[in-house]
Amino acid sequence: MSLTFGIIKPDAVAAGNAGKILALIEANGFKLRAVRMTKLAKDEAEGFYAVHQGKPFFEGLVEFMTSGPCILLCLEKENAFAEWRKLMGATNPANADEGTIRKLFAESIGKNAAHGSDSEENAAIELAWFFRAYELA
Ligand code: ATP
Ligand code: MG
């Protein structure tokens, strides 16, 4: 079993889709290991998405991610990061497969309902960024 990090983004929380997304996660065989609702501070969002600094969408991304509450997730499953990316669907909902979270709940490439770590290494880094060790024990 492995762990990955996810976020139910502010658009999905604001639209009242958080519960449906949590239900989909469980229905797809993930175990919820940690869940926390928070509102990201600007420096948290900037640090988290530092890899995108300088890109044309960076400022809008930080503004969106700090626009309202989101839900931080630690998910457990075999091959967790890849399985969670698969359930989320493509970054742009226009390209997302049927039944994926982004197909069902995202409105645009910017407001795309969910985040998922893109490697096992980044999952460990992102989990450590947002959760205390005792929350994942
Ligand atoms: P995430 O990291 O949020 O899980 P991702 O890995 O599918 O998404 P990235 O390339 O890491 O995609 O982009 C991070 C986020 O930046 C995207 O989820 C999206 O919200 C935003 N983003 C990426 N590309 C664009 C774009 N061209 N225009 C607007 N927003 C974008
Ligand atoms: Mg990414």
From CA spacing to verdict: side-chain contact (heavy atoms from CB on, under 4.5 Å), Leu72, Phe131: CA-CA 9 Å; Leu72 310 175; Phe131 288 105; 3.8 Å; yes
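- Proximity of a side-chain donor or acceptor of Arg102 to a complementary backbone N or O of Gly89 within less than 3.5 Å is detected.
- How far CZ of Phe64 is from CG of Leu40: 10.5 Å, rounded to the nearest 0.5 Å.
- Looking at every heavy atom in both residues, Ala114 comes nearest to Trp84 through CB-CZ2, 4.3 Å.
- A perpendicular orientation is assigned to the rings of His115 and Phe48, their planes being inclined by more than 60° (bins at 30° and 60°).
- Heavy-atom neighbours of Lys103 NZ from other residues, nucleotides or ligands within 6.0 Å: above the threshold of 12.
- In this structure a side-chain-to-backbone donor-acceptor pair under 3.5 Å is present from Ser2 to Ala80.
- In this structure, CG on Leu22 lies 6.5 Å from CG on Leu73, to the nearest 0.5 angstrom.
- In this structure the side chain of Asn122 never reaches within 4.5 angstrom of the side chain of Phe5, judged on heavy atoms.
- Within 6.0 Å of the CD atom in Glu63, the count of heavy atoms belonging to other residues, nucleotides or ligands does not exceed 12.
- The number of heavy-atom neighbours closer than 6.0 Å to CG of Asp97, taken from other residues, nucleotides and ligands shown, is 12 or below.
- Note on Glu135 versus Arg36: salt bridge recorded, some NZ/NE/NH1/NH2 to OD/OE distance being below 4.0 Å.
- The shortest distance between side-chain heavy atoms of Leu32 and Glu26 falls below 4.5 Å.
- In the hydrophobic clustering of ILVMFWY residues, with side-chain heavy atoms under 4.5 Å counting as a link, Met37 and Ile8 come out together.
- No continuous path of hydrophobic side-chain contacts links Phe57 to Ile109 [ILVMFWY only; heavy atoms under 4.5 Å].
- Rounding to the nearest 0.5 angstrom, the gap separating the CD1 atom in Ile71 from the OG1 atom in Thr38 is 10.5 Å.
- A 4.5 Å side-chain heavy-atom check between Ile101 and Leu24 finds at least one atom pair inside the cut-off.
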Chi angles and distances behind the side-chain contact (heavy atoms from CB on, under 4.5 Å) call for Lys77, Thr4: CA-CA 8 Å; Lys77 193 180 183 180; Thr4 194; over 6 Å; no
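- Interatomic distance, Lys20 NZ to Ile25 CD1, rounded to the nearest 0.5 Å: 14.0 Å.
- For the residue pair Pro10 and Gly68, the shortest heavy atom distance occurs at CG-O, 3.7 Å.
- Leu87 and Val35 fall within a single hydrophobic cluster, where Ile, Leu, Val, Met, Phe, Trp and Tyr side chains are chained together by heavy-atom contacts under 4.5 Å.
- Shown here is Lys42, whose NZ atom has no more than 12 heavy atoms of other residues, nucleotides or ligands within 6.0 Å.
- A distance of 14.5 Å separates NZ of Lys9 from CG of Asn17, quoted to the nearest 0.5 Å.
- Asp11 CG to Ser108 OG: the interatomic distance, rounded to the nearest 0.5 Å, is 7.5 Å.
- Under the 4.5 Å side-chain heavy-atom criterion for Ile, Leu, Val, Met, Phe, Trp and Tyr, Ile125 and Leu75 are members of distinct hydrophobic clusters.
- Using a 4.5 Å heavy-atom cutoff, the side chains of Ile21 and Phe105 are in contact.
- The two atoms that bring Tyr49 and Met65 nearest to each other are CE1-CG, 3.7 Å, heavy atoms only.
- Using modelled atom types, no side-chain atom of Thr100 and backbone atom of Ala96 make a donor-acceptor pair closer than 3.5 Å.
- Between the side chain of Arg33 and the backbone N or O of Leu136 there is at least one donor-acceptor pair closer than 3.5 Å.
- Residues Ala123 and Leu3 share a closest heavy-atom pair of CB-O, 3.8 Å.
- Val13 and Ile7 fall into different hydrophobic clusters, where Ile, Leu, Val, Met, Phe, Trp and Tyr are joined by side-chain heavy atoms under 4.5 Å apart, directly or via other members.
- The closest donor-acceptor contact from the side chain of Arg85 to the backbone of Gly116 lies under 3.5 Å.
- In terms of modelled atom types and a separation under 3.5 Å, the side chain of Asn112 and the main chain of Thr91 share a donor-acceptor contact.
- Between Phe30 and Glu83 there is a side-chain heavy-atom pair separated by less than 4.5 Å.
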